[in-house]
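A note on names: the letters A, B, ... follow the listed sequences, proteins ahead of strands, and every chain is numbered from 1. Hydrogens, waters and symmetry mates play no part in the numbers below; they use all other heavy atoms, side chains included. The structure presented is a predicted model; accordingly, all values stated were derived computationally and were not measured.
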Number of protein chains: 2
Amino acid sequence: MTSVRRLVYNVSMPDDSRPFERATLPQNAAGQLRQMIFDGALAPATRLNERVLCERLGISRTPLREALRMLAAEGLVRVEPNRGAIVAPIERADIEATFEVLGALEGLAGELACARIADAELAEIKALHFEMRAHHARGDRAAYFAANQAIHARIAAAGGNAVLAETFEKLNARVKRVRYAANLGHARWDKAIAEHDDMIAALSARDGRALRAILEAHLAGKRESVLAAFAAEHSAAAYD
Amino acid sequence: MTSVRRLVYNVSMPDDSRPFERATLPQNAAGQLRQMIFDGALAPATRLNERVLCERLGISRTPLREALRMLAAEGLVRVEPNRGAIVAPIERADIEATFEVLGALEGLAGELACARIADAELAEIKALHFEMRAHHARGDRAAYFAANQAIHARIAAAGGNAVLAETFEKLNARVKRVRYAANLGHARWDKAIAEHDDMIAALSARDGRALRAILEAHLAGKRESVLAAFAAEHSAAAYD
DNA sequence: CGGAATTTATTTGTATACCAAAACAACAAA
DNA sequence: TTTGTTGTTTTGGTATACAAATAAATTCCG
């Protein structure tokens with residue numbers, strides 16, 4: 001049972017600046033569902049029966065439906081009138097399109113980050129980078145994945161553009177599951193690591209132009225590996 | 001009473017490809033609220049009292065709350081636990097951040113569009129362009145605005161990247177109200193028109209690099225004029 | 001026997017009533 | 001003016017009911 005380790009590295013998705021963040025039930029439910037979708041407990045195209053989910057989450061229909069609407073607006077779920085919700089299916093085109101946008105967004109973020117990042121934040125990203133390399137050295141994919149995601153989220157955030165960071169997170173969420181599923185081969189993995197080294201170098205040097213190029217290339221590479229894994233999985237297990 | 005003319009140019013926001021689109025109440029309500037927010041009937045920071053809105057829209061609380069959640073996920077509304085929803089306030093930083101992202105997105109879209117756009121779609125954009133110039137010549141701001149928005153939406157769509165177009169639309173929606181409020185002076189307006197001419201030229205020539213640069217600059221210009229108007233309005237009517 | 005028509009069972013969409021807890025407002029007291 | 005205190009309103013959530021739409025099961029017919 002490969003239950004992906006719960007994201008260890010906090011990146012403070014919404015502003016958790018307020019003390020004692022009281023979550024409302026729909027927010028909670030949405031969070032749980034998100035997690036289930038990420039680690040595959042809810043596969044794409046799975047019907048989301050309200051009754052069943054209500055029991056499973058221990059809430060009533062009203063907040064559940066609100067949660068589903070939220071997820072729908074995020075693109076993780078699709079609601080069809082009178083037919084209910086399903087986990088949003090991902091197609092090849094979606095992956096391509098999403099990574100294309102992610103590349104542009106993170107490219108911009110990198111450029112901004114080089115101009116604006118504080119030393120402390122840079123240090124933290126470096127620390128994460130070396131932790132990630134440690135996980136890579138040990139071959140611990142889950143931990144590597146989490147650290148990797150954290151780094152990218154922090155770069156997205158380091159641009160100091162909240163809208164950018166938020167948009168990046170939301171889009172990234174849509175492909176997170178396939179990202180993790182893409183168990184990269186050693187060659188690609190090593191290449192990714194090398195690219196990360198370059199990223200850190202460019203960021204340290206505050207070379208925005210370079211970082212943007214690296215990030216765009218990195219995302220493109222990631223896209224290819226994800227697409228490959230996606231294609232493989234789909235030829236192996238043909239549902240239709 | 002400046003009630004902005006209802007968007008004349010369809011850009012097919014969500015896929016209205018299916019015939020007889022039955023809308024569910026929450027979707028409907030969300031649409032109406034969106035419109036009210038766009039044309040200022042609901043100003044930023046307005047409390048959205050459930051009871052009142054239920055009456056106004058003629059629906060019950062259940063679907064209304066779902067609609068509010070949807071709008072919240074889109075960033076048009078903010079729901080604070082136990083405190084209800086308000087129309088999302090916009091601050092200077094939000095405008096800057098949003099336009100920064102919009103610039104990157106539309107830049108990418110432009111580049112993609114140059115590579116992929118079909119002649120028919122290019123012709124349509126050209127047609128819209130000249131309509132827009134006509135509105136400009138007559139000084140019809142509302143019509144100009146609508147045509148302008150339509151052009152940008154079509155460019156965003158012409159990249160053939162659905163995720164990109166969708167993301168652009170959603171982010172643009174957040175600043176649409178201030179965009180319209182920014183009643184550009186003649187100088188800026190003429191400049192915008194000139195930039196649009198350049199856009200069309202670059203798109204016709206399929207010069208992706210150039211179009212990207214033009215679009216990024218255009219958005220930056222738009223940002224400045226919006227910021228100026230925003231600042232002016234805020235010094236004039238100081239609420240606090 | 002296989003497909004079409006029809007009945008039946010589920011499920012969704014929405015409304016309503018109800019309640020607790022939180023927020024807000026009004027007002028008295030220091 | 002600030003601080004308590006006390007109603008009042010509003011929100012968050014549950015439970016229930018029911019029509020309409022979908023999906024499933026069943027019957028009917030060629």
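Between the CD atom of A:E80 and the P atom of D:dA20 there is a distance of 22 Å, given to the nearest Å. Nucleotide C:dG13 holds its C1' atom 14 Å from the CD atom of A:E66, rounded to whole Å. Distance, A:I86 CD1 to C:dT11 P: 17 Å, rounded to whole Å. The distance between atom CG of B:L57 and atom P of C:dT14, rounded to the nearest whole Å, is 13 Å. B:N49 places its CG atom 13 Å from the C1' atom of C:dA23, with the value rounded to the nearest Å. As rounded to whole Å, 13 Å separates atom C1' of C:dT11 from atom CG of A:L53. If you take CZ of A:R47 and C1' of D:dA24, they are 13 Å apart, rounded to a whole angstrom. Straight-line distance from the CG atom of B:L64 to the C1' atom of D:dG13: 15 Å, rounded to whole Å.
Applying the 4.0 Å criterion to OP1 and OP2 of D:dT10, one finds that B:N82 has every side-chain N and O outside that range. Of the side-chain N and O atoms in B:R65, one or more sit less than 4.0 angstrom from OP1 or OP2 of D:dG12. When the side-chain nitrogen and oxygen atoms of B:T24 are compared with OP1 and OP2 of C:dT12, none of them lie within a distance under 4.0 Å.
Ring pair A:H218/A:H152 is parallel by interplanar angle, where below 30° counts as parallel and above 60° as perpendicular.
Picking from D:dA15, C:dT14, D:dT11 the nucleotide with the shortest atom distance to the side chain of A:S60 gives D:dA15.
Residue-to-nucleotide proximity on DNA chain D shows that, of A:I59 and B:E50, the 5′-proximal contact is made by B:E50. In terms of position along DNA chain D, the nucleotide closest to B:R51 lies nearer the 5' end than the nucleotide closest to the other residue of the pair B:T62 and B:R51.
No donor-acceptor contact under 3.5 Å links the side chain of B:R83 to the base of D:dG12. Evaluation of atom-type donor-acceptor distances gives a pair under 3.5 Å for the side chain of A:R61 against the base of C:dG13.
Inter-residue side-chain proximity for B:E100 and A:L112 is flagged as met; some heavy-atom pair is nearer than 4.5 Å. When side chains are defined from C-beta on, B:M70 counts as touching B:Q27, because their heavy atoms get closer than 4.5 Å.
Exactly one residue among A:K176, A:R34, A:R174 makes a salt bridge (Lys or Arg N to Asp or Glu O under 4.0 Å) with A:E74. That residue is A:R34.
One finds a salt bridge joining B:K170 and B:E166 here, because a Lys/Arg side-chain nitrogen approaches an Asp/Glu carboxylate oxygen to under 4.0 Å.
Within 4.0 Å (heavy atoms only), B:L68 reaches no atom of the nucleic acid at all.
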